[in-house]
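Heavy-atom basis, side chains included; hydrogens, waters and symmetry copies ignored. Since we're looking at a predicted model, the values are computed, not measured.
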Amino acid sequence: MSKPDTQIDDVQLVARLKQRDKSALEELVHVHGAKMYGVALQFMRNESDAREVMQDALVSIWNKIGSFEGKSAFTSWIYRVTANAGLMALRKKKRRENDISLDAVGSDDDDAPLPALQLSDKRPLPDKVAMTGELGEQVRAAIDQLPEPYRVAVLLRDVEELPMAEVMQETGLSEPALKSRLHRARLALREALLPYLNGQDIQKS
Amino acid sequence: MSMKLITSLWKRLLRPDACSHTKQLLFEFVEGELTPETHRKLEKHIGNCSPCLDYVNSYRRTIMVTHHHGLPEAPMPPALKEKLCEFIKQNPDLK
Ligand SMILES: [Zn+2]
């Protein structure tokens, strides 16, 4: 599928959603569901929670489509809504489980690096194989093993590339707290991924 | 002692400090948040110090691969797709 076609399809999708056409929502699942699922899964780590997040996201898309002005790509808007639903779901889950260990992990005063991430034991040598398909697996495994507050920061900022201000708003973190969390998460990821990083070209932005 | 020698000794003395600046300012450097002057100074040091260059590059690469590979590429399970379509049809919030 070429890019312009997708964009035209998205314009039509948005128009139909704004006209309250429910079948457009189903079509959205077919066209963009895989990426939405990826976002939801990365937040929730299991299929059944990811499904709930997708459902919440679909309701949000349906309710908020009127506020989508087309300034950003529709796809990034959808993923943002999904990431937001993921964040909300994590919060709800945290309250439910009353999990104090997550709070303990979230102290930002501590400048010590995060404990080394334990990646899967089948660590391949940093050869061509590791540079292609397996790099993705290693990256996702490393993100997955970050303590939740760090994982959320990385997912919103570095994976989804939301602006800092938006991540602050969504996480309720102050700017220094968010920066510290993000930086420590990146250092932990760097440590875990070091053997795989050499072949990667740097794209300056 | 020649001036040149003094300068080079001085630089060597300063070097560990400059390297620690790289670590301290890494986040702001990569995010482009330093003042132009500090940025320039640090950039100059990094350009002349291969451990610092490796360090900064690996940090940048980490951000890059995180962005490119952070999300699973696995297709959505077909059963999930069906459940979601069912959800859309049944849910009273969607009207
Ligand atoms: Zn240095």
Exercise for review: Can you measure from CD1 (B:Ile63) to CG (A:Leu189) and round to the nearest 0.5 angstrom?
Suggested key: 10.0 Å

Exercise for review: For each of A:Lys179, A:Glu47, A:His30, A:Gln42, tally heavy-atom pairs with chain B at distances under 4.5 Å, and name the one with the top tally.
Suggested key: A:Lys179

Point to revise | A:Leu58 versus chain B, the contacting section by heavy-atom distance below 4.5 Å | key: both

Point to revise | Main-chain N/O of A:Val29 paired to B:Lys81 side chain as donor or acceptor, under 3.5 Å | key: no

**Study point:** Euclidean distance, A:Leu41 CG relative to B:Leu80 CG, rounded to 0.5 Å
**Key:** 9.5 Å

Review point. If you measure from SG on B:Cys85 to CD on A:Glu27, what distance do you get to the nearest 0.5 Å?
Key: 10.5 Å

Review point. Would B:Met76 and A:Met36 satisfy side-chain contact (heavy atoms from CB on, under 4.5 Å), going step by step from the backbone distance to the final call?
Key: CA-CA 9 Å; B:Met76 192 172 30; A:Met36 281 175 79; over 6 Å; no

**Study point:** Gap between atom CG of A:Leu187 and atom OH of B:Tyr55 - 0.5 Å precision
**Key:** 4.5 Å

Review point. Which region of B:Phe87, side chain (C-beta onward) or backbone (N, CA, C, O), has a non-hydrogen atom less than 4.5 Å from a non-hydrogen atom of chain A, or is it both or neither?
Key: side chain

Review point. Is the NZ atom of B:Lys23 crowded by more than 12 outside heavy atoms at less than 6.0 Å?
Key: no

Point to revise | Among the listed options B:Lys83, B:Glu31, B:His67, the residue most often paired with chain A at heavy-atom distances under 4.5 Å | key: B:His67

Review point. Got A:Tyr37 and B:Pro77 here, is their nearest side-chain heavy-atom distance under 4.5 Å?
Key: yes

Review point. Where do A:Val154 and B:Thr66 come nearest, in terms of heavy atoms and distance?
Key: CG1-CG2, 3.6 Å

Point to revise | Region of A:Asn63 that comes under 4.5 Å of a non-hydrogen atom in chain B | key: side chain

Practice item. Could you look at A:Arg51 and say if it's the side chain, the backbone, both or neither that has a heavy atom under 4.5 Å from chain B? Key: both

Point to revise | Gap separating the CE atom of B:Met64 from the CG atom of A:Leu197, nearest 0.5 angstrom | key: 8.5 Å

Check your understanding: Can you tell me if NZ on A:Lys22 sees more than 12 non-hydrogen neighbours from other groups inside 6.0 Å?
Key -> yes

Review point. Is the backbone N or O of B:Leu84 less than 3.5 Å from a side-chain atom of A:Gln55, with the two atoms forming a donor-acceptor pair by type?
Key: no

Point to revise | Nearest heavy atoms of A:Leu194 and B:Ser58, plus distance in Å | key: CD1-CB, 3.9 Å

Revision key, fill the gap. Shortest non-hydrogen pair, B:Leu71 vs A:Lys35, comes out as CD1-CE, 3.0 Å

**Study point:** A:Arg186 and B:Thr62: CA distance, side-chain angles, deciding distance, side chain to side chain donor-acceptor pair (under 3.5 Å) verdict
**Key:** CA-CA 7 Å; A:Arg186 288 171 176 177; B:Thr62 301; over 6 Å; no

Review point. Are side-chain heavy atoms of B:Ile88 and A:Glu26 found at a separation under 4.5 Å?
Key: yes

Review point. With only heavy atoms counted, which part of B:Glu33 is less than 4.5 Å from chain A, the side chain, the backbone, both or neither?
Key: side chain

Check your understanding: Would you say A:Arg140's side chain and B:His69's backbone share a donor-acceptor pair under 3.5 angstrom?
Key -> yes

Review point. Ring centroid separation for B:Tyr59 and A:His183, is it under 6.0 angstrom?
Key: yes

Check your understanding: Considering heavy atoms only, which positions within residues 159-172 of chain A lie below 4.5 Å of chain B?
Key -> A:Val159, A:Glu160, A:Glu161, A:Met164

